[in-house]
Amino acid sequence: MTPEELQRIAAEELQARQHARHRIGVCTASGCLSCGSREVLTAIKQEAADKPEMNLRVEGVGCMGLCSRGPLVWVQTNPPPTETSTAASADASPTASAPNLPDASPDDSADITTDASSDRPTGASARAESALLYKQLTPDDAPTLIATLAAAPASPTAAAAPPATTAEQTSAQDSTQTSAQAPATGDHPLAQKICDPAMPFFKRQVKVVLDQFENIDPERLESYLAADGYLALLDCLHHRRPPEIIDEITRSGLRGRGGGGYPTGLKWSTVAKASAFVPQAGQGHAGSGRQSAGEAERPDGPRKYVICNADEGDPGAFMDRSVLESAPHRVLEGMAIAAYAVGADFGYIYVRAEYPLAVERLRKAIGQAEKQGLLGRNIGGSDFNFQVEIRLGAGAFVCGEETALLASIEGRRGQPRPRPPYPAEHGLWGCPTLINNVETFANVAAIINRGADWFASLGTDKSKGTKVFALAGKVANTGLIEVPMGISLTEIVNEMGGGTPDEAGGAIKAVQTGGPSGGCIPAAHFNLPVDYESLQAEGSIMGSGGMIIMDDTAAMVDVARFFMEFCVEESCGKCTPCRVGTKQVLLLLEKIGRGEGRPADLTQLEELCHLLQQTSLCGLGQSAANPVLSTLRFFRREYVELLAGEEEA
Amino acid sequence: MPPAASASSGPADTDQAATPNIPQCTPSNTPKHDASDKRWRPVEAAMRRNGYRPGGLIEALHAVQRSYGYIDDASMRALGATMQLPLSKIYGVVTFYHFFHLKPKGRHTCVVCLGTACYIKGADRLLQAISREQQMQPGETSADGRLSLLTARCVGSCGQAPAVVIDDLVQGQAEGSAINRQLARLNGREEERPAATATKGPPAAGEART
Amino acid sequence: MKRLRLATIWLDGCSGCHMSFLDMDELLLELAPRLELAYSPLVDRKEFPEQVDLALLEGAVSTPEDEAKARLVRARSHLVVALGDCACNGNLPAMRNRLDNAELLDLVYRQQAEGEAGPPTRNVPPLLPHSLPLHRVIDVDLFLPGCPPPAAAIVRALTAVLEGRELSELPTLKFG
Amino acid sequence: MSGGRVITLQIDGRDCGAREEQTILEVARENGIYIPTLCHLNGLHPVGGCRICLVEIAGAPRPLPACVTHPVEGMQVTTDNPELRRQRRLILELMLAEGNHICAVCVVNGHCELQELALQLGVDHLEVPALYPSREVDASHPRFGLDRNRCVLCTRCVRVCGEIEGAHTWDVMGRGLQAMVISDLNQPWGEAESCTGCGKCVQVCPTGALFEKGKSAGEMVKRHLHLPLLTAMRREEEAGE
């Protein structure tokens, strides 16, 4: 596909959207599917089919984030075709209400009304007049929903509006929107199900990775192209040399989003500098004496590999799943750019088998991209070849560790090996291999499109850009958010998360970040800025982005026990400290939890934790003690209170 | 302190130790491993795609499990012979990954997510309620081979915690009595249609069907 | 010179460690003037004395009776030595720990026994869930592993105590 | 394999010359510096799993296994200090607590590398509670036996069988604490069709987990000094093809 063809398809897609009188988007990511969005989509489609005169365009779209209120559905009413240009210009201002947004990204506002559209160079003025976000819709609501659209006057401003309180909030913030939302809506039949677009959950977001998810049909390439998809890849292939791309990524300050935070540009340049290598037949199969001579893994010459780590194993994290289910092409595009930059021609996506929908959509996306010449041979008419294959994980947390992941792709037990050598130099079948996380790759196209400076202007000094977090646990709004690095935990938990859910009412006690490798940060420290270094200084880690909010019913010794139990089950068994040490720590935590602990047990607990950190072979064991050490640090009193009386005489 | 072996738990153990209540292979679902068995073809295809190289082992195992619902000795022998892999190595790989099963699972599966978010929202109590009502321990398959009660380490539906996956369909904000009712209905449906065969798809897999 | 008040105690063990103690042979004669054997299965004394300087405990802790005895010894002894593998790591008695008690008794007294006698019920203390090394029950000052620990090592330890040397400087002994 | 770049490093303050493909362990041994090891065995590929041979390297955030770490110009290695000794000791304790290591009744009593290490590292009791596993003993082979309760998962048997004998009868199944050595499809060893009965696995086993039948406690002496020679011969054969 040439850039011109790409632009033509994108324009057609935008035009088609614009021609519809109303556009309806139904979330088809797992969160909403698990509460019935598939049925809602079917019902709405049925209604639309019954009323062709209404000219409705109904799409399944990507994740909109607010999973706890699913199924989520947005409805957008287009202006009559002739008014398009004026509508677009008149609508350019509302995003001013978005908090602290850099100038370069006006459309990154979390406001769903503006997010549902774009003013990109190729945007061809598809900007909506207004969009409403409905929550917790059921198939039974479909006729009502369509009826409200039918009843709406020609002017889109009166299509519908949020409840009165919302209008007040919104108008206080942004007078330009009041006209669209002022009309009395008390009699809107679905008033109770309309989401307030001004809620901090949406308002505070800055979307790069999740950008336009609500606009992208995950199963259609055209839909991604209309969101500037593959523009960056073709730009790279035709106008940039690999070192320039690596330089762009380096200057952007992007760091690995899988948790480690290693500078992405540096990793890319290491792989780029490494010489390609003929895959070693015997490598890693040294134990297999039966291997016949000359049976190379890939017999066709020296190679480098690009691997996307989508083995999202942290319990409580579902960012990668959502990205893959919502915009698989965005990840593929990032991988292809990376491959071009480092000189690789083959890629693997290592996905958890527990994510069948993500796998299915990725498979479909790879097929579409290959068909359109965006993957495969001579991509975009250039001489760059890049082939991508999916590899399924099989239920082993440790395979998120990069050397274990490599072992798994090589068809072996997913056991890590000591590093160095690092995969960048000695990776898959001995070849230089670039391994990045899903979210890291999903940032790449935006950086190429909008420049390193734009990206670097987001976030903090050392942690640039945004981060996607999965909010879960005892918080009102659970789901996915994307925020600039450096935002405080209190903004995320209390404002965006909306505090404790109504039914509970207990005070929020702590937030757990980084899963079994992370730690618990007490509510008293919620002014902490969320970036790699700050979280580490507090004994936690950024991790892949799971945030579990706990209220005062959570017993921290039990929380530590929970994570240690996880590590015991997920330890691969290769190294002694992790295999046996985690079990010993678990036994101590159980003993303390039963009220049988002695002061000496706390000492031993700490000693074993430090042994795990210092002497384990891989990251799993080295970080397994973090949940214990961090709860010991901030909630030591809970441990001490559980100790049995002093030693008997 | 109890002996370690009896204190440990988890789905893999039940595969690796002898588990009671697992139905034996019946003639109808005993795999054959040649072109005469239609179900073996995807396995053959998976190996071929990977040039019959050892690197394709896990892909091939996925194919076996998709076709037969579990991975038996005969399948492992067939893979070993075709891909020139030692048997112990294949067995080591199969048992390393919790997704692979050595024994057939029930015709229906109920997977309770024990991830952090679900745990915080009471997944352990949920599991107890289901376990009590179904009179099965996690990891077990009912004597009639109808239902397997499994646990997962996180199905990624944390925003909807606690989550339960029944026959590949995720149920968000799950609640014990509703799940039990649903499981009862599953059984009821089956009785109406005695011819119902094994569920499709990986048994312990966990997301919404599309 | 004040004589060292020594006690030796036999818990769940085979008395092999006590045999090794006697194996000191003629060295016993050298040590005898400096020791007072205040309590031991080797001497006729029923009650554990109020206070001893050094207690050598052989055997694992397998019954509540063993446990009570170990605690009593600890309370009344200045130094406590775990004598032999059973006291140091459980050794043979701990081999039962992989079974639970009901299983164990059934195995020994029914499955592998002549007739259907069943486990004895009179004049035997019940079993603790596990046979434990001494230090899981009381604080231990010195470990002398070995099955049995060599007589020379016992001499070395006794001499070190008599001479008031640091016990931590004694060489480590081998298990088994 | 020989003829790599020559570099100098310091081990315990001593200047040592090394080729870059050597490991720190090899260099240390050449220079008469002792580093305790367990899973490592001359002639087999190192895996770095047991963590007994950990050494400190100036600038590294944590100790690294000497058996798989290669020297770098100017590297400063410490093979022994109180912290390392404490760590090795604790790791060994974990290992001893994991299995049922009853030396008194073990066939290799007195010839056991694990027992010897405990002596060297000063382990005379376990600070951590023993786990008392109940693992199967496989006595199905006519000449040899396997007591998994004495296995420390060093994988020497797996490696010698795959790398030198070429049978690959052994591998490790499961993971974590449930990991254990198996033959073929977790069959009784005596029924494993791939086993050639060469007995190399028995000879390389550092403990009494693998043993010859008919030997009583203390009788089993392991012989594996010939291994490096086998490796070298094998390499020569392959090169000649």
Side-chain angles (χ1 to χ4, degrees), chain A residues 28 30-31 33-35 38 67-68 70 285 287-288 290-292 295 297 312-318 321 353-358 360 391-397 408-414 429 470-474 478-480 512 515 546 548 550 554 562-563 566 569-570 572 583 587, chain B residues 1 4 7-12 49-62 83-86 89 92-93 95-100 113-121 152-161 163 168-173 201-202 204-210:
Chain A
T28 55
S30 284
L33 285 175
S34 74
C35 42
R38 171 73 51 203
C67 303
S68 54
H285 306 281
S288 162
R290 287 176 184 175
Q291 189 127 17
S292 57
E295 183 185 272
E297 282 300 330
E312 184 172 57
D314 287 11
F318 50 95
R321 190 203 59 181
E354 290 88 339
Y355 287 178
L357 182 62
E360 186 187 313
R391 279 289 179 275
L392 287 188
F397 174 70
S408 188
I409 293 183
E410 290 173 0
R412 296 183 287 126
R413 291 164 58 83
W429 290 299
L471 291 184
K474 295 291 182 70
T478 59
L480 274 200
Q512 208 280 343
I548 312 281
M550 300 177 209
F562 172 84
F563 283 113
F566 179 89
E569 278 185 31
E570 296 299 334
C572 80
K583 177 69 178 183
L587 288 175
Chain B
M1 185 187 56
S8 65
S9 63
R49 256 199 316 281
N50 290 286
Y52 298 98
R53 286 182 289 256
L57 175 60
I58 292 175
E59 289 290 292
L61 290 170
H62 272 296
M83 303 169 81
Q84 290 196 297
L85 279 169
K89 187 166 188 157
V93 169
T95 53
F96 183 86
Y97 296 98
H98 283 183
F99 197 79
F100 295 136
C113 177
L114 296 181
T116 323
C118 294
Y119 183 75
I120 294 288
K121 294 226 175 164
R153 266 305 171 190
C154 186
V155 297
S157 289
C158 318
Q160 297 283 349
D168 297 355
L169 206 62
V170 179
Q171 322 273 322
Q173 292 159 7
E207 291 308 295
R209 188 154 39 207
T210 51

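Each chain gets a letter, A, B and so on, in the order its sequence line appears, and its residues count up from 1.
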So NZ of B/Lys121 and NZ of A/Lys474: to nearest 0.5 Å the spacing works out to 7.5 Å
Show your working on side chain to side chain contact (heavy atoms under 4.5 Å, CB included) between A/Phe318 and B/Ser157 and close with a plain yes or no.
-> CA-CA 7 Å; A/Phe318 50 95; B/Ser157 289; over 6 Å; no
Those residues at least two apart in sequence (or on a different chain) that pass side-chain contact (heavy atoms from CB on, under 4.5 Å) with A/Ser408 are A/Tyr350, A/Cys399, B/Ile58, B/Tyr97
Of the listed A/Ala394, A/Ala317, A/Gly479, A/Gly395, the one with the largest count of heavy-atom pairs under 4.5 Å with chain B is A/Ala394
If one checks every heavy atom of A/Ala358 against chain B at 4.5 Å, the contacting part turns out to be neither
Nearest heavy-atom contact between A/Pro315 and B/Gly115 is CB-CA, 3.7 Å
Between B/Arg153 and A/Gly313 (side chain of the first, backbone of the second, donor and acceptor by atom type, cut-off under 3.5 Å), is there such a pair? no
Scanning both residues in full, the closest heavy-atom pair of B/His62 with A/Ala353 reads CE1-CB, 3.8 Å
Okay, B/Leu61 and chain A: the region with an atom under 4.5 Å from a heavy atom over there is neither
Give the intermediate values and the outcome of side chain to side chain contact (heavy atoms under 4.5 Å, CB included) for residues A/Phe563 and B/Thr116.
CA-CA 8 Å; A/Phe563 283 113; B/Thr116 323; 3.4 Å; yes
dist B/Cys154:SG -> A/Glu312:CD (nearest 0.5 Å) comes out at 7.5 Å
Between the OH atom in B/Tyr119 and the CD1 atom in A/Ile548, the distance rounded to the nearest 0.5 Å is 13.0 Å
Between B/Cys158 and A/Gly316, the two heavy atoms sitting closest are SG-CA, 3.4 Å
One should read off an interatomic distance between B/Phe96 CZ and A/Arg412 CZ, to the nearest 0.5 angstrom, of 11.0 Å
In short, B/Ile120 meets A/Met550 closest at the heavy-atom pair CD1-CG, 3.7 Å
What one should report as the nearest heavy-atom pair of A/Ser34 and B/Gln160 is OG-CG, 3.4 Å
Under 4.5 Å to a heavy atom of chain A? For B/Gln171 that would be backbone
